[in-house]
Amino acid sequence: MTYLVTGGAGFIGSNFIHYILAKYGEGIRVVNIDALTYAGNLSNLKDVEGLKNYVFIKADICDEAKMKEIFDKYDPDYVVHFAAESHVDRSIKDPMAFIRTNVEGTGVLLNAAKRVWETKNGFKYGKRFLHVSTDEVYGSLPPDGDKYFTEGTPYDPHSPYSASKAGSDFLVKAYMDTYHFPANITNCSNNYGPYQFPEKLIPLMLNNALKGQRLPVYGDGKNIRDWLFVEDHAKAIDMVLREAEPFETYNIGGHNERENIYIVRLIIDTLREMLPAGDARKERLNYDLIQYVADRKGHDRRYAIDPSKIKKDLGWEPDTSFEDGIQKTVKWYLGHMEWMEQITSGDYMEYYEKMYGGI
Ligand code: NAD
Ligand code: TYD
């Protein structure tokens, strides 16, 4: 089985590659295509780079000729498409990069797969394209109440990021409807865990807290996200690939809704618990570091997934509770401070200044 993974040097992609290589060992081959943007980092994959069943190719998914060459050479069984511009705040500042990679790049990959998989009598048996998407395509839910995103919820994206992901979902749907192209779409809630770039809420707060810097909370801090430990997402993706019928879409989430301010306080509490007595970082950690700042433009209030379809069809459920997941995540970052140093040493400071300058 050859898995062609796009965006495998990013947060979820690298966790997915670790997950499948640990699970299947030499029974599979993994081909990882990544352009290594600011979000892609080969040190996320240091421990697998020497394996003979792992190949890394630095390439842009929008490069049609290159994608054609790679699909011809490796003839993948599964395509797992993670590569994307993924951060909402960046999409508000520079939407075009999102439209290019997320929409055009997905179109290029669909064509590359269709070209090598299609025969006179339909598509070759067992081939599958899994498009990894987000619950943000559904828009925003009211803060209170019992409304959840189901697979039938109408799309209503608000940010350039979620609109570009919605566009890519519709392209995949069009290939399924028009050509009977064997694909699945998964829409997952917010992930957290090892190797997440510190532009997203949890690693950004961890990094700032450890440095004694301000913790910038947007608006009133009461926006709600539904959090899933990244390994549970990896498990769900692999189950969909191997066990789901083609053309099905699945929402993935673990009923873990929290307000942002709760998460920020929990990070402070967990760090205070884990850092040893006398550690200077522990002494300066307290809730006074929290600073409410101007709200994100078009900020979605609440996301919450109804995961009953994936549970019913495939028996998927998360293994990691939110409490355990946060403990594991904080412990991982504390044990990988050199990773954080490396990640934040380049263009990151410039980004941070642009986004949060002045606090
Ligand atoms: P990430 O930003 O950490 O990683 C994206 C990866 O894609 C990086 O390695 C980057 O170098 C690569 N990439 C970007 N543009 C590329 C291009 N043109 N060609 C080749 N590679 C390119 O993102 P992530 O958080 O790991 O998210 C992965 C996928 O999961 C995305 O499609 C995202 O929309 C989706 N998703 C993310 C979350 C979340 O909470 N992070 C939740 C649901 C869905
Ligand atoms: P983020 O991790 O960017 O994920 P998304 O916007 O895709 O859900 O943000 C999660 C929530 O945290 C979101 O409501 C915005 C908020 N947030 C802050 O309050 N401060 C920050 O510095 C960041 C990055 C996010």
Side-chain angles (χ1 to χ4, degrees), residues 5-16 32-42 44-45 57-63 66-67 80-92 97-98 100-102 104-106 108-109 131-137 140 158-159 161-162 164-165 168-169 186-193 195-205 207-208 214-228 230 233-234 237 251-253 258-261 263-264 290-296 298-303 305 352 355-356 359:
V5 177
T6 71
F11 164 49
I12 308 177
S14 60
N15 277 284
F16 178 74
N32 175 14
I33 302 177
D34 198 298
L36 299 182
T37 68
Y38 78 93
N41 184 358
L42 284 182
N44 297 2
L45 295 156
I57 302 165
K58 182 175 184 306
D60 186 329
I61 57 165
C62 298
D63 182 340
K66 189 75 187 169
M67 291 308 113
V80 191
H81 177 31
F82 294 100
E85 289 292 337
S86 70
H87 190 42
V88 173
D89 292 327
R90 286 185 192 254
S91 83
I92 294 167
F98 288 71
R100 181 179 172 277
T101 287
N102 299 1
E104 188 185 328
T106 300
V108 169
L109 286 173
H131 177 59
V132 180
S133 192
T134 165
D135 60 356
E136 302 192 25
V137 297
S140 183
H158 297 131
S159 71
Y161 164 65
S162 54
S164 66
K165 290 298 290 187
S168 66
D169 291 13
T186 55
N187 296 89
C188 191
S189 61
N190 286 59
N191 284 214
Y192 68 99
Y195 302 111
Q196 188 169 30
F197 192 82
E199 64 187 353
K200 304 276 170 34
L201 180 71
I202 290 179
L204 185 139
M205 295 300 165
N207 187 38
N208 283 19
R214 296 264 166 213
L215 307 176
V217 173
Y218 299 160
D220 63 4
K222 293 190 173 161
N223 297 65
I224 294 169
R225 297 295 182 264
D226 186 358
W227 295 93
L228 185 71
V230 63
H233 188 187
I237 287 172
N251 281 358
I252 306 172
R258 306 288 151 136
E259 287 186 348
N260 294 337
I261 190 65
I263 305 265
V264 176
I290 295 172
Q291 181 164 339
Y292 288 93
V293 298
D295 207 354
R296 174 187 277 172
H299 199 175
D300 288 335
R301 194 61 174 170
R302 170 175 167 242
Y303 301 145
I305 286 270
Y352 196 86
M355 293 288 177
Y356 301 95
I359 72 155

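For clarity, every value in this text was computed on a predicted model and none was experimentally measured. Values below: every heavy atom of this structure, side chains too, minus hydrogens, waters and symmetry copies. We count ligands from 1, going down the list as the structure has it; atoms in each ligand are counted the same way.
- The OG atom of Ser189 lies 9.0 Å from the CH2 atom of Trp227; values are rounded to the nearest 0.5 Å.
- Expressed to the nearest 0.5 Å, how far CD1 of Ile33 lies from CG of Leu109 amounts to 6.5 Å.
- If you look at Lys165 next to ligand 1, the close heavy atoms, those under 4.0 Å, all belong to the side chain.
- Residues Asn208 and Tyr352 have side chains that bring a donor and an acceptor to within less than 3.5 angstrom of each other.
- Looking from atom 13 (C) of ligand 2 to the surrounding protein, the closest heavy atom is His299 NE2, 3.5 Å.
- For the pair Val5 and Phe16, the minimum side-chain heavy-atom distance is below 4.5 Å.
- Not a single heavy atom of Thr6 sits less than 4.0 Å from an atom of ligand 1.
- At a 3.5 angstrom cut-off on N or O pairs, Ile33 does not count as close to ligand 1.
- Looking only at protein heavy atoms, the nearest one to atom 24 (C) of ligand 2 is Glu199 O, 3.2 Å.
- What sits closest to atom 8 (O) of ligand 2 on the protein, heavy atoms only, is Arg225 NE, 2.7 Å.
- Side-chain contact between Phe11 and Val230 is present, with heavy atoms from C-beta onward closer than 4.5 Å.
- Nearest to atom 20 (C) of ligand 1 among the protein's heavy atoms is Ala35 N, 3.2 Å.
- Polar contact check, Thr134 against ligand 1: no nitrogen or oxygen pair lies under 3.5 Å apart.
- Contact annotation for Thr101 and ligand 1: only side-chain heavy atoms (C-beta onward) come within less than 4.0 Å of the ligand.
- The protein heavy atom nearest to atom 33 (C) of ligand 1 is Tyr161 OH, 3.5 Å.
- Counting only heavy atoms from C-beta outward, the side chains of Thr134 and Tyr303 never approach each other to under 4.5 Å.
- The residue from Ser168, Ala83, Ala9, Ser162 that puts a heavy atom closest to atom 22 (C) of ligand 1 is Ala83.
- Residue Lys200 approaches ligand 2 through these ligand atoms, each under 4.0 Å from one of its heavy atoms: 2 (O).
- Of the charged side-chain nitrogens involved, at least one lies within less than 4.0 Å of a carboxylate oxygen, so that Arg90 and Glu199 count as a salt-bridged pair.
- Considering backbone and side-chain atoms alike, Phe82 places an N or O below 3.5 Å from some N or O of ligand 1.
- For a threshold of 3.5 Å applied to N or O pairs, the pair formed by Asp60 and ligand 1 contains at least one separation below that value.
- Residues Ile61 and Val108 form no side-chain contact, since every pair of their non-hydrogen atoms from C-beta on lies 4.5 Å or further apart.
- Summary of contacts: the protein heavy atom closest to atom 19 (O) of ligand 2 is Tyr218 N, 2.9 Å.
- Taking distance alone, with nitrogen or oxygen atoms compared against 3.5 Å, Arg100 stays at or beyond that limit from ligand 1.
- Across His87, Glu136, Glu259, Gln291, heavy-atom proximity to atom 5 (P) of ligand 2 is greatest for Glu136.
- Taking a cut-off of under 4.0 Å to the non-hydrogen atoms of Asn190, the atoms of ligand 1 that pass are 40 (O).
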Worksheet item: Asp220 and Arg301: salt bridge (Lys or Arg N to Asp or Glu O under 4.0 Å), yes or no, with the steps?
Response: CA-CA 11 Å; Asp220 63 4; Arg301 194 61 174 170; 2.8 Å; yes

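- From the protein, the heavy atom lying nearest to atom 19 (N) of ligand 1 is Ile61 N, 3.0 Å.
- At a threshold of 4.5 Å between non-hydrogen side-chain atoms, the residues Leu201 and Arg225 do not count as touching.
- Interatomic distance, NZ of Lys165 versus CG of Asn102, reported as 5.5 Å (0.5 Å rounding).
- Here the heavy atom of the protein found nearest to atom 22 (O) of ligand 2 is Tyr356 OH, 2.7 Å.
- Among all non-hydrogen protein atoms, the one lying nearest atom 43 (C) of ligand 1 is Cys188 O, 3.4 Å.
- Ligand-side atoms of ligand 1 in range of Val132: 30 (O), 32 (O), range being under 4.0 angstrom from any heavy atom.
- Annotation: side chain of His158 is in contact with side chain of Ser140 (closest heavy-atom distance under 4.5 Å).
- The shortest contact between atom 4 (O) of ligand 2 and any protein heavy atom is with Asn190 ND2, 3.3 Å.
- Put simply, CG on Asp60 and CG on Leu36 are 11.0 Å apart, with the number rounded to the nearest 0.5 Å.
- Interface of Ala59 with ligand 1, defined as ligand atoms under 4.0 Å from a residue heavy atom, comprises 19 (N), 20 (C).
- Looking only at protein heavy atoms, the nearest one to atom 5 (C) of ligand 1 is Ala84 O, 3.5 Å.
- The protein heavy-atom contact nearest to atom 2 (O) of ligand 2 is Leu201 N, 2.8 Å.
- When hydrogens are left out, the protein atom nearest atom 40 (O) of ligand 1 is Asn191 N, 2.8 Å; that is the closest non-hydrogen contact.
- Within the 4.0 Å heavy-atom cutoff, Ala97 does not count among the residues contacting ligand 1.
- Contact analysis leaves Tyr161 out of contact with ligand 2, as no non-hydrogen atom separation drops below 4.0 angstrom.
- Close contacts between ligand 1 and Ser189 involve ligand atoms 42 (C), 43 (C) [criterion: under 4.0 Å to a heavy atom].
- Of the polar atoms of Asp34, at least one N or O is found under 3.5 Å from an N or O of ligand 1, judged by distance alone.
- Here the protein heavy atom with the shortest distance to atom 23 (O) of ligand 1 is Ser86 OG, 3.3 Å.
- Looking at atom 16 (C) of ligand 2, its nearest protein heavy atom turns out to be Asn260 ND2, 3.4 Å.
- For the atom pair Ile261 CD1 and Tyr292 OH, the distance stands at 3.5 Å (nearest 0.5 Å).
- At least one N or O atom of Gly10, backbone or side chain, sits closer than 3.5 Å to an N or O atom of ligand 1.
- Between Met205 and Pro198 there is no side-chain heavy-atom pair separated by less than 4.5 Å.
- Of all protein heavy atoms, the one closest to atom 41 (N) of ligand 1 is Ile12 CD1, 3.7 Å.
- In this structure the side chain of Ile237 reaches within 4.5 angstrom of the side chain of Phe82, judged on heavy atoms.
- Across all non-hydrogen atoms, the minimal contact from Thr106 to Ser168 is OG1-CB, 3.6 Å.
- Residue-to-ligand polar distances place Phe11 within reach of ligand 1: an N/O pair is separated by less than 3.5 Å.
- Only the backbone of Leu36 comes within contact range of ligand 1, with a heavy atom under 4.0 Å; no side-chain atom does.
- Considering CD1 of Ile263 and CG of Asn223, their distance stands at 12.0 Å, rounded to 0.5 Å.
- Atoms of ligand 1 lying under 4.0 Å from any heavy atom of Ser133, numbered from 1 in the order shown and given with element: 43 (C), 44 (C).
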